[in-house]
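Note that these values count all heavy atoms, side chains included, but never hydrogens, waters or copies made by symmetry.
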There are 2 protein chains.
Amino acid sequence: MGTETTFNIGVLAKATGTKVETIRWYERVGLLSAPDRTSGNYRAYGAAHLGRLSFIRRARDLGFSLDQIRTLLDIAEQQDRSCETVDAIAREHLEEVDRKIADLQALRRELDSLIGQCRHGRIAECRIIEALAPCPA
Amino acid sequence: MGTETTFNIGVLAKATGTKVETIRWYERVGLLSAPDRTSGNYRAYGAAHLGRLSFIRRARDLGFSLDQIRTLLDIAEQQDRSCETVDAIAREHLEEVDRKIADLQALRRELDSLIGQCRHGRIAECRIIEALAPCPA
DNA sequence: TATGGACCCTGTAGCCGCCACAGGGTCAAG
DNA sequence: CTTGACCCTGTGGCGGCTACAGGGTCCATA
């Protein structure tokens, strides 16, 4: 019963919706531990890797940086530690997302008014170009 | 009267709120034309460069990519061309911004509910970690 | 006139989060 | 035994800069 089912990188890639190169890259930057190799030097992954990579991908989808994910994974392994830090990381990230949304909305308003001014004439009198230009030359 | 006032890269940088390295980089990637040089091989900028760089910076602030800006600048020089393309670029960019906002808002909702579940206990029962993990192991 | 410090030059390498090769090796099916 | 799908390592690229290192230039001051 010491034999666990293992699978190749391609299988892991498909199962998690990750590109093969990305998995190898996660390994290089220390997010995913280096798996055992087969006799032919192929990476042999197990269930633990699948779980970990799924975690990583889900967190990436939620916009966490690889650094944040590294921290989350570290913490996740210390089962009896308080989860304050996890909460803090998530809150910090939420604030960042809120800032980004606000920035984009401000930008959106500016863009919108820019476009609203276009009279579809010639460049010489294009309001968009004018608005971008420094001073009414 | 053939003498125009020129200035060094540092002056241009300050005037436009751009880093010196960034200006040199814009030159390398062909956004800003290479200026004349002084006898000591210093870049000597004029009013035209100032205008162009201001345009670039303003467009960057509005989130246009350097490629888009390149196109806008090209078009801006053809004074008697219709400004449809300009309008199209701006609209396309607006749509992209809208998509980004929507994505971030969806993400924000997910994050928020994640955080709302945290009971500040131990990692072993942390809802955030659980939510990120693939299956309730 | 010498010197110090502020500026400028080129070139290269790094950031993030991958993606896309090139140039090989491995493995299983037919 | 060949074909073709997979795997390996290593390198370079994307956007949009930023940050050096290792020099040159310029101008004011002592």
Give the rounded distance in Å between these two atoms: [atom1] of [X] and [atom2] of [N].
X     : N      : atom1 : atom2 : value
A:E96 : C:dC16 : CD    : P     : 13 Å
B:L12 : C:dC8  : CG    : P     : 10 Å
A:D61 : C:dC18 : CG    : C1'   : 14 Å
B:N8  : D:dC26 : CG    : P     : 10 Å
A:D36 : D:dC8  : CG    : P     : 13 Å
A:I23 : C:dC19 : CD1   : P     : 11 Å

Self-check item: Sequence-distant partners of A:R37, side chain to side chain donor-acceptor pair (under 3.5 Å), two or more places apart
Solution: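 Partners of A:R37 under the side chain to side chain donor-acceptor pair (under 3.5 Å) test: A:N41.
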Quiz item: Between B:I9, B:L32, B:L53, B:I56, which is the residue that forms a side-chain contact (heavy atoms from CB on, under 4.5 Å) with B:T18?
Solution: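 Exactly one candidate clears the test, B:L53.
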Quiz prompt | Heavy-atom pair with the smallest gap, counting every atom of A:L107 and B:G63 | solution =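 Minimum heavy-atom separation between A:L107 and B:G63: CD1-N, 4.2 Å.
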Quiz item: Should B:K100 and A:R108 count as side-chain neighbours, where that means a heavy-atom distance under 4.5 Å?
Solution: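 SC-SC contact between B:K100 and A:R108 ruled out.
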Quiz item: Is there side-chain contact between A:I129 and B:F55, with heavy atoms separated by less than 4.5 Å?
Solution: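 They are in side-chain contact.
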Quiz item: Between B:R37 and C:dT10, is there a side-chain N or O to OP1/OP2 distance below 4.0 Å?
Solution: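 For C:dT10, OP1/OP2 do have a side-chain N/O of B:R37 under 4.0 Å.
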Quiz item: Between C:dG17 and A:K19, is there an OP1 or OP2 to side-chain N/O distance shorter than 4.0 Å?
Solution: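 It does not, given that no N or O in the side chain of A:K19 lies less than 4.0 Å from OP1 or OP2 of C:dG17.
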Exercise. Using a strict cut-off of less than 4.0 Å between a Lys/Arg side-chain nitrogen and an Asp/Glu carboxylate oxygen, indicate whether A:R70 and A:D74 qualify as a salt bridge.
Key: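 Salt bridge: no.
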Quiz prompt | Short N-O contact, B:R122 and B:E125, less than 4.0 angstrom | solution =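 Yes, charged N to carboxylate O under 4.0 Å.
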Quiz item: Which parts of nucleotides 25-30 of chain C does protein reach within less than 4.0 Å, heavy atoms only, written one letter per nucleotide 5' to 3' as B for base, S for sugar-phosphate only and - for none?
Solution: BBS---
Quiz item: With the sugar-phosphate defined as primed atoms, P, OP1 and OP2, and the base as all remaining atoms, what B/S/- string results for nucleotides 11-17 of chain D, 5' to 3', for protein heavy atoms under 4.0 Å?
Solution: B----BB
Quiz item: Is it true that B:L50 and B:Y42 fall in one hydrophobic cluster, defined by side-chain heavy atoms closer than 4.5 Å?
Solution: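 Looking at the clustering, B:Y42 is in a separate group from B:L50.
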Exercise. Check every strand shown and say whether A:R43 touches a base, only sugar-phosphate, or nothing at a heavy-atom separation below 4.0 Å.
Key: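 Sugar-phosphate contact only.
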Quiz item: The side chain of A:E21 lies closest to which of these nucleotides: C:dC19, D:dT18, D:dC8?
Solution: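 Selected nucleotide: C:dC19.
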Practice problem: Apply the side-chain hydrogen bond (donor to acceptor under 3.5 Å, both in side chains) test between B:S33 and each candidate in B:E27, B:R52, B:H49; give the one that qualifies. | Solution: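 Testing B:S33 for a side-chain hydrogen bond (donor to acceptor under 3.5 Å, both in side chains) against B:E27, B:R52, B:H49 leaves exactly one candidate, B:H49.
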